[in-house]
Structure formats: structure tokens, C-alpha cells
Amino acid sequence: MVTTDNPAFAEALRRFRNHGITSDARQRQRDGQVRYEMVLLGFNYRLTDIASALGLRQLTKLEHNLARRRQIAARYSSAFHQMPGLVPPQVRNHVNPAWHLYPIRLELERLSADRDRIVGALRAENIGANVHYIPVHLHPYYRERFGYRGGEYPVAEDAYQRLISLPMFHGMSDDDTGDVVRAVEKVLAAFCR
């Protein structure tokens with residue numbers, strides 16, 4: 001689902017979701033048209049009626065869910081802002097993120113373990129830490145199709161080796177959030193030099 005208040009974006013998205021066609025069946029019937037034109041490459045991204053109904057219902061919960069995610073992110077950021085071994089995400093003053101993920105960046109120079117070992121240690125503490133996202137050029141499809149070997153995009157590759165996504169969902173309780181903070185503190189303390 002995409003929402004926008006920009007009429008040009010809305011029109012482009014309508015075309016994109018409908019095979020790049022300039023009009024939909026209802027418009028053609030209403031206007032007495034029998035032909036249509038495909039003006040850009042598009043896809044069949046139309047939601048089913050049931051998926052649309054679910055999406056509309058979820059929209060009524062959006063502000064509440066975003067507010068909860070922002071509370072969790074604020075608690076994480078407060079706990080992690082001076083923790084050795086990691087850098088919490090920095091948010092510009094004019095930005096209000098939705099916090100789909102809460103990524104921390106490891107200061108590997110200060111740690112005696114790599115990212116994967118730290119993720120494993122967090123998981124051993126029952127924390128669902130993950131890694132998002134593998135740089136596109138390192139996936140097999142791009143390696144095989146375009147010959148990437150690694151090293152072509154060193155900034156992306158370095159970020160990938162340092163980033164961990166901590167649990168972030170609106171249903172987390174304050175106790176859940178506290179468990180994550182305590183586990184991160186414990187694991188980083190064990191690996192800090």
C-alpha cells in the first residue's frame with residue numbers, strides 16, 4: 001500500500017500498479033472507451049478486496065503504532081547514546097522516522113568480535129537480532145550476472161559488516177525493550193577491548 005498527497009505521484013503509481021496502462025476498466029466503461037494504452041512498464045500490483053479492507057483497517061492503527069515505535073526507539077537511543085562499542089542511529093532535527101528497523105552500528109575497532117559473533121551472542125540471550133541489508137552487488141544473482149566479486153563498493157560493504165538490527169515492533173512491551181537493552185549492554189561489555 002502506498003499513500004501520497006502528491007497528485008503526480010498518485011497518477012504515476014496508479015499506472016505502475018496497473019501494467020502501465022493509462023486508464024482502468026471502470027474509467028473506460030464510464031467514458032465509453034474500448035481501448036487503452038500502456039505508456040510505461042508496470043505490473044499487476046492491484047490488491048485484492050480483502051487485502052484492501054485489511055490495509056484500510058491497519059491505517060486506523062498507524063499513528064498509535066508509529067508512536068509506540070518512536071517510544072521504543074527513544075528508549076534504545078537513550079540507553080545506547082554513550083555505550084562503548086556501538087553508535088546508535090542519528091536522526092536529523094527535521095526528520096521523524098517510522099522506525100521500521102532500529103539499526104546499531106558496531107565500532108569493530110573497539111570490539112574483539114565481528115558482527116556475526118555479536119549477533120550470535122545476542123541470539124543466545126534470546127534477542128532476535130538480525131542483519132539488514134546485504135549489499136545488492138553481493139547477492140549471487142548480481143555476482144553471477146554482472147561479475148561482482150566484492151570490493152567494488154567499500155563503503156556499503158563496511159556498513160554491512162557493522163550494522164545490526166535490534167528488535168523493533170509496536171507490540172513490544174517495556175519489559176521486552178528492557179531485555180534488549182540489558183542484552184546489548186552484556187554482550188558488548190563482554191567483547192569491548
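All residue numbers refer to positions in the sequence shown, counting from 1.
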Which of parallel (below 30°), tilted (30 to 60°) and perpendicular (above 60°) describes Phe146 and Tyr142?
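Parallel: the ring planes of Phe146 and Tyr142 meet at under 30°.
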Against His137, only a single residue in Glu157, Arg143, Arg149 fulfils side-chain hydrogen bond (donor to acceptor under 3.5 Å, both in side chains); can you say which?
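Per the side-chain hydrogen bond (donor to acceptor under 3.5 Å, both in side chains) rule, the option paired with His137 is Glu157, out of Glu157, Arg143, Arg149.
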Closest non-hydrogen atom pair between [X] and [Y], with its separation:
{"X": "Val180", "Y": "Pro167", "answer": "CG2-CG, 4.0 Å"}
{"X": "Phe191", "Y": "Ala121", "answer": "CE1-CB, 4.0 Å"}
{"X": "Gln27", "Y": "Thr22", "answer": "OE1-O, 4.2 Å"}
{"X": "Asp174", "Y": "Arg75", "answer": "O-NH1, 2.7 Å"}
{"X": "Met172", "Y": "Ile72", "answer": "CB-CD1, 3.8 Å"}
{"X": "Leu111", "Y": "Arg193", "answer": "O-NH2, 2.7 Å"}

Check: Arg115 side chain, Tyr160 main-chain N or O, donor-acceptor pair, under 3.5 Å:
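Such a contact is found between Arg115 side chain and Tyr160 backbone.
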Is it true that a side-chain atom of Arg28 and a backbone atom of Ser23 form a donor plus acceptor pair closer than 3.5 Å?
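Yes, the answer is positive, given that a donor and an acceptor are paired below the 3.5 Å cut-off.
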Taking only residues two or more places apart in sequence or in another chain, which ones pass ring-ring contact (aromatic ring centres under 6.0 Å, His included) with Phe43?
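Residues passing ring-ring contact (aromatic ring centres under 6.0 Å, His included) with Phe43: Phe16, Tyr45.
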Just jot down the ring-ring contact (aromatic ring centres under 6.0 Å, His included) partners of Phe9, sequence neighbours excluded, or say none.
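Result, ring-ring contact (aromatic ring centres under 6.0 Å, His included) vs Phe9: none returned.
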Evaluate side chain to side chain contact (heavy atoms under 4.5 Å, CB included) for His139 paired with Arg145, printing each intermediate quantity in order.
CA-CA 10 Å; His139 284 280; Arg145 176 139 181 151; over 6 Å; no
Verify same cluster id: [X], [Y] (apolar side-chain graph, 4.5 Å):
{"X": "Val2", "Y": "Leu56", "result": "no"}
{"X": "Ile164", "Y": "Tyr133", "result": "no"}
{"X": "Ile134", "Y": "Val119", "result": "yes"}
{"X": "Val181", "Y": "Trp99", "result": "yes"}
{"X": "Leu108", "Y": "Val187", "result": "yes"}

If you count every heavy atom of other residues, nucleotides or ligands that lies below 6.0 Å from [X] atom [atom1], does the total exceed 12?
{"X": "Asn6", "atom1": "CG", "value": "yes"}
{"X": "Arg117", "atom1": "CZ", "value": "no"}
{"X": "Glu185", "atom1": "CD", "value": "yes"}
{"X": "Arg105", "atom1": "CZ", "value": "no"}

Asp176 and Ser173: side-chain donor and acceptor closer than 3.5 Å?
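Looking only at side-chain atoms, Ser173 and Asp176 do form a donor-acceptor pair, the distance falling under 3.5 Å.
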Between Gln71 and Arg68, does any side-chain donor sit less than 3.5 Å from a side-chain acceptor?
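Per modelled atom types, Gln71 and Arg68 side chains form a pair under 3.5 Å.
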Test of understanding: with salt bridge (Lys or Arg N to Asp or Glu O under 4.0 Å), list the residues that count as partners of Arg110, not counting sequence neighbours.
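With sequence neighbours excluded, Arg110 shows a salt bridge (Lys or Arg N to Asp or Glu O under 4.0 Å) to Glu107, given in chain and number order.
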Residues two or more places apart in sequence or in another chain: which of them pass salt bridge (Lys or Arg N to Asp or Glu O under 4.0 Å) with Arg69?
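If we apply the salt bridge (Lys or Arg N to Asp or Glu O under 4.0 Å) test to Arg69, skipping adjacent residues, there are no hits.
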Please tabulate, one pair per line, all N/O donor-acceptor pairs under 3.5 Å involving side-chain atoms of residues 78-92, not counting sequence neighbours.
| residue | atom | partner | partner atom | Å |
| --- | --- | --- | --- | --- |
| His81 | ND1 | Ser78 | O | 2.8 |
| Gln90 | NE2 | Pro88 | O | 3.0 |

Could you go step by step and tell me if Glu109 and Arg162 meet the salt bridge (charged side-chain N to carboxylate O under 4.0 Å, His left out) rule?
CA-CA 10 Å; Glu109 305 76 17; Arg162 295 171 180 271; 2.3 Å; yes
Which value, rounded to the nearest 0.5 Å, describes the distance between Glu37 atom CD and Ile21 atom CD1?
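Between Glu37 CD and Ile21 CD1, I get 10.5 Å after rounding to 0.5 Å.
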Asp114 vs Leu106, test: side chain to side chain contact (heavy atoms under 4.5 Å, CB included). Steps then yes/no.
CA-CA 9 Å; Asp114 65 8; Leu106 299 174; over 6 Å; no
Cut-off 3.5 Å, no hydrogens considered: what does the side-chain donor-acceptor table look like for residues 123-131, sequence neighbours left out?
| residue | atom | partner | partner atom | Å |
| --- | --- | --- | --- | --- |
| Arg123 | NE | Ala129 | O | 3.0 |
| Arg123 | NH2 | Ala129 | O | 3.0 |
| Arg123 | NH2 | Asn130 | OD1 | 3.1 |
| Glu125 | OE1 | Lys186 | NZ | 3.4 |
| Glu125 | OE2 | Lys186 | NZ | 2.9 |

Quick one: do Leu66 and Glu63 satisfy side chain to side chain contact (heavy atoms under 4.5 Å, CB included)? Show the steps, please.
CA-CA 5 Å; Leu66 289 175; Glu63 289 307 317; 4.3 Å; yes
Decide yes or no on side chain to side chain contact (heavy atoms under 4.5 Å, CB included) for Leu122 and Leu166, but give the supporting numbers first.
CA-CA 9 Å; Leu122 287 169; Leu166 297 178; 4.3 Å; yes
